[in-house]
Undergrad: 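Got a structure here, written out as structure tokens. Questions coming.
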Amino acid sequence: SFTPSDFPSSSSDIDQSYLDALQESYPGLERLYVSTPMQQGMIFFGLMDGNGSSYTSQSHMDLVGNVDVAAFRRAWELSIARHDVFRTCFVGLESELIHQLVVDRVDLPFVEEDWRDIPVDQQEERLQRYRFEDKARGFDFSQAPLMRISLIRLSDQRYHFIWTHHHVLMDGWCLPLVFGEVFA
């Protein structure tokens, strides 16, 4: 059982009863930090839109060749395990001071679909609609991870990869670092 002194980067407003409630709701609690003003602003707009879709970001690309889907998924899982930010959610959304809460593990939302039976001339329109709807779903800030992966098989040698994540986790400078790690 944690005590407030175990989290020196949290607010002094965190008392034992609040921390006990967090541990009950998040049994895998590892760390607790005060969120940054930038994060609080993004969360504010996400709460205002009703589903957290404001500041939801997406990266997508085609992967061509023999894709080992199990290895690709495992690479993302290893990256999530390695970096706290991918296991972060936000608590105290109704309070003046929102906190980042890191849990010890999360399940990667990984959608795999096979669209090889869809005519090629219809695939692009369907992909655009899929990306739009996925981004519009937004995120529940109180549940980690604030990201999801989709891998859509378009042909025997082509997959369309979509990584949807909330900007509250990282900025654009981090994207090439994450991609470099996963693809390595």
Side-chain angles (χ1 to χ4, degrees), residues 1-44 46-47 51-53 55-59 68-112 134-135 137-151 161-184:
S1 179
F2 291 114
T3 65
S5 64
D6 292 317
F7 302 107
S9 297
S10 68
S11 148
S12 59
D13 295 342
I14 299 292
D15 62 16
Q16 190 62 51
S17 62
Y18 182 70
L19 189 54
D20 290 343
L22 285 177
Q23 289 178 93
E24 188 174 324
S25 297
Y26 300 92
L29 171 66
E30 280 192 342
R31 290 180 238 318
L32 190 64
Y33 308 98
V34 173
S35 60
T36 68
M38 182 70 77
Q39 288 172 319
Q40 290 176 33
M42 287 184 221
I43 291 169
F44 171 80
L47 294 173
N51 67 356
S53 62
Y55 292 100
T56 292
S57 300
Q58 232 174 30
S59 299
D68 183 338
V69 175
F72 185 70
R73 181 179 186 151
R74 183 72 182 133
W76 279 101
E77 290 169 342
L78 289 170
S79 188
I80 289 170
R82 183 171 177 218
H83 300 290
D84 285 0
V85 72
F86 295 135
R87 293 177 281 109
T88 296
C89 63
F90 294 85
V91 295
L93 300 175
E94 67 290 339
S95 68
E96 285 186 33
L97 196 55
I98 298 170
H99 279 79
Q100 299 180 62
L101 185 146
V102 180
V103 294
D104 59 350
R105 67 171 304 280
V106 295
D107 293 324
L108 171 64
F110 191 95
V111 174
E112 188 179 351
D134 185 55
K135 188 174 180 180
R137 279 180 41 205
F139 291 96
D140 176 354
F141 294 111
S142 68
Q143 298 299 314
L146 298 177
M147 62 178 278
R148 56 186 166 264
I149 303 288
S150 298
L151 192 60
F161 159 68
I162 305 165
W163 178 28
T164 305
H165 52 89
H166 202 279
H167 189 50
V168 74
L169 298 180
M170 65 190 147
D171 62 18
W173 291 99
C174 297
L175 296 179
L177 302 173
V178 173
F179 281 127
E181 179 176 302
V182 168
F183 284 101

Undergrad: How would you list all residue pairs meeting side-chain hydrogen bond (donor to acceptor under 3.5 Å, both in side chains) that involve residues 167-184, not counting sequence neighbours?
TA: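 Found Ser79-Glu181, Arg82-Glu181, His83-Glu181.
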Undergrad: Quick test of your reading: applying salt bridge (Lys or Arg N to Asp or Glu O under 4.0 Å), list the pairs with at least one residue in residues 27-37, sequence neighbours left out, ordered by first then second residue.
TA: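 Found Glu30-Arg87, Arg31-Asp84.
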Undergrad: If you measure from NE2 on His99 to CG on Leu32, what distance do you get to the nearest 0.5 Å?
TA: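 Rounded to the nearest 0.5 Å, the NE2-CG separation comes to 5.0 Å.
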Undergrad: When the ring planes of Phe72 and Phe161 are compared, do they come out parallel, tilted or perpendicular, using 30° and 60° as the limits?
TA: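 Ring orientation of Phe72 relative to Phe161: perpendicular.
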Undergrad: When rounded to the nearest 0.5 angstrom, what is the spacing between CG in Leu78 and CZ in Arg73?
TA: 12.5 Å
Undergrad: For Phe110 and Val69, run side-chain contact (heavy atoms from CB on, under 4.5 Å): C-alpha distance rounded to whole Å, both residues' side-chain angles, the deciding distance at 0.1 Å, then the answer.
TA: CA-CA 11 Å; Phe110 191 95; Val69 175; 4.3 Å; yes
Undergrad: At what distance, to the nearest 0.5 angstrom, does CD1 of Ile43 lie from OG1 of Thr36?
TA: 8.0 Å
Undergrad: Which heavy atom of Val103 sits nearest a heavy atom of Ala144, and at what distance?
TA: CG2-CB, 4.4 Å
Undergrad: Check Val34 against Ser10 and note the closest heavy-atom contact, atom names and distance.
TA: CG2-C, 3.7 Å
Undergrad: Quick one: does Arg148's side chain have a donor or acceptor within less than 3.5 Å of a partner on Asp134's backbone?
TA: yes
Undergrad: For Phe86 and Val178, what are the C-alpha separation, side-chain angles and deciding distance, and is it a side-chain contact (heavy atoms from CB on, under 4.5 Å)?
TA: CA-CA 11 Å; Phe86 295 135; Val178 173; 3.8 Å; yes
Undergrad: Out of curiosity, Asp20 CG to Ser25 OG, how far, rounded to the nearest 0.5 Å?
TA: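 Separation between the atoms: 11.0 Å.
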Undergrad: Heavy atoms only: give me the nearest Leu19-Ile14 pair and the separation to one decimal.
TA: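 Minimum heavy-atom contact is CB-CG2, 4.3 Å.
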Undergrad: Does the side chain of Leu151 come within less than 4.5 Å of Val111's, by heavy atoms?
TA: no
Undergrad: Assess whether side-chain contact (heavy atoms from CB on, under 4.5 Å) is satisfied between Gln58 and Ile162, documenting all intermediate values.
TA: CA-CA 7 Å; Gln58 232 174 30; Ile162 305 165; 3.8 Å; yes
Undergrad: In this structure, are over 12 heavy atoms from other groups packed under 6.0 Å from Tyr55 atom OH?
TA: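 No - once you tally the heavy atoms of other residues, nucleotides and ligands closer than 6.0 Å, there are 12 at most.
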Undergrad: Rounded to the nearest 0.5 Å, how far apart are CD of Gln143 and SG of Cys89?
TA: 6.5 Å
Undergrad: If the condition is ring pair (Phe, Tyr, Trp, His ring centres under 6.0 Å), which residues does Phe141 pass it with, not counting sequence neighbours?
TA: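 So Phe141 forms a ring pair (Phe, Tyr, Trp, His ring centres under 6.0 Å) with His166.
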Undergrad: Decide yes or no for Lys135 and Ser53: does some side-chain heavy atom of the first lie under 4.5 Å from some side-chain heavy atom of the second?
TA: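 Of all side-chain heavy-atom pairs linking Ser53 with Lys135, none is under 4.5 Å.
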Undergrad: List for me each residue that meets ring pair (Phe, Tyr, Trp, His ring centres under 6.0 Å) alongside Phe7, sequence neighbours excluded, and say none if there are none.
TA: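 Applying ring pair (Phe, Tyr, Trp, His ring centres under 6.0 Å) to Phe7 gives Phe2.
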Undergrad: State, yes or no, whether a side-chain contact exists between Phe139 and Thr164 at a heavy-atom distance under 4.5 Å.
TA: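 In short, these two side chains touch, coming nearer than 4.5 Å.
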Undergrad: Heavy atoms only: give me the nearest Leu29-Gln23 pair and the separation to one decimal.
TA: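 Closest approach of Leu29 to Gln23, heavy atoms only: CD2-CG, 3.8 Å.
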Undergrad: Could you work out, with side-chain contact (heavy atoms from CB on, under 4.5 Å) as the rule, every residue matching Phe44, not counting sequence neighbours?
TA: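 Applying side-chain contact (heavy atoms from CB on, under 4.5 Å) to Phe44 gives Met48.
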Undergrad: So which atom in Leu169 and which in Val85 form the shortest heavy-atom distance, rounded to 0.1 Å?
TA: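 Distance-wise, the nearest heavy atoms are O-CG2, 3.0 Å.
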Undergrad: What pair of heavy atoms forms the shortest contact from Leu101 to Val91, and how long is it?
TA: CD1-CG1, 3.9 Å
Undergrad: Might you work through the side-chain contact (heavy atoms from CB on, under 4.5 Å) test for Met147 and Leu108, ending with a clear yes or no?
TA: CA-CA 8 Å; Met147 62 178 278; Leu108 171 64; 4.1 Å; yes
Undergrad: Any side-chain heavy-atom pair from Ser95 and Tyr18 closer than 4.5 angstrom?
TA: no
Undergrad: Ser59: what forms a side-chain contact (heavy atoms from CB on, under 4.5 Å) with it, not counting sequence neighbours?
TA: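 With neighbours one apart ignored, the set is Trp163, His165, Leu175, Phe179.
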Undergrad: Are the side chain of Ser35 and the backbone N or O of Ile98 linked by a donor-acceptor pair below 3.5 Å?
TA: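 Checked: pair present.
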Undergrad: When rounded to the nearest 0.5 angstrom, what is the spacing between OH in Tyr33 and OG1 in Thr88?
TA: 7.5 Å
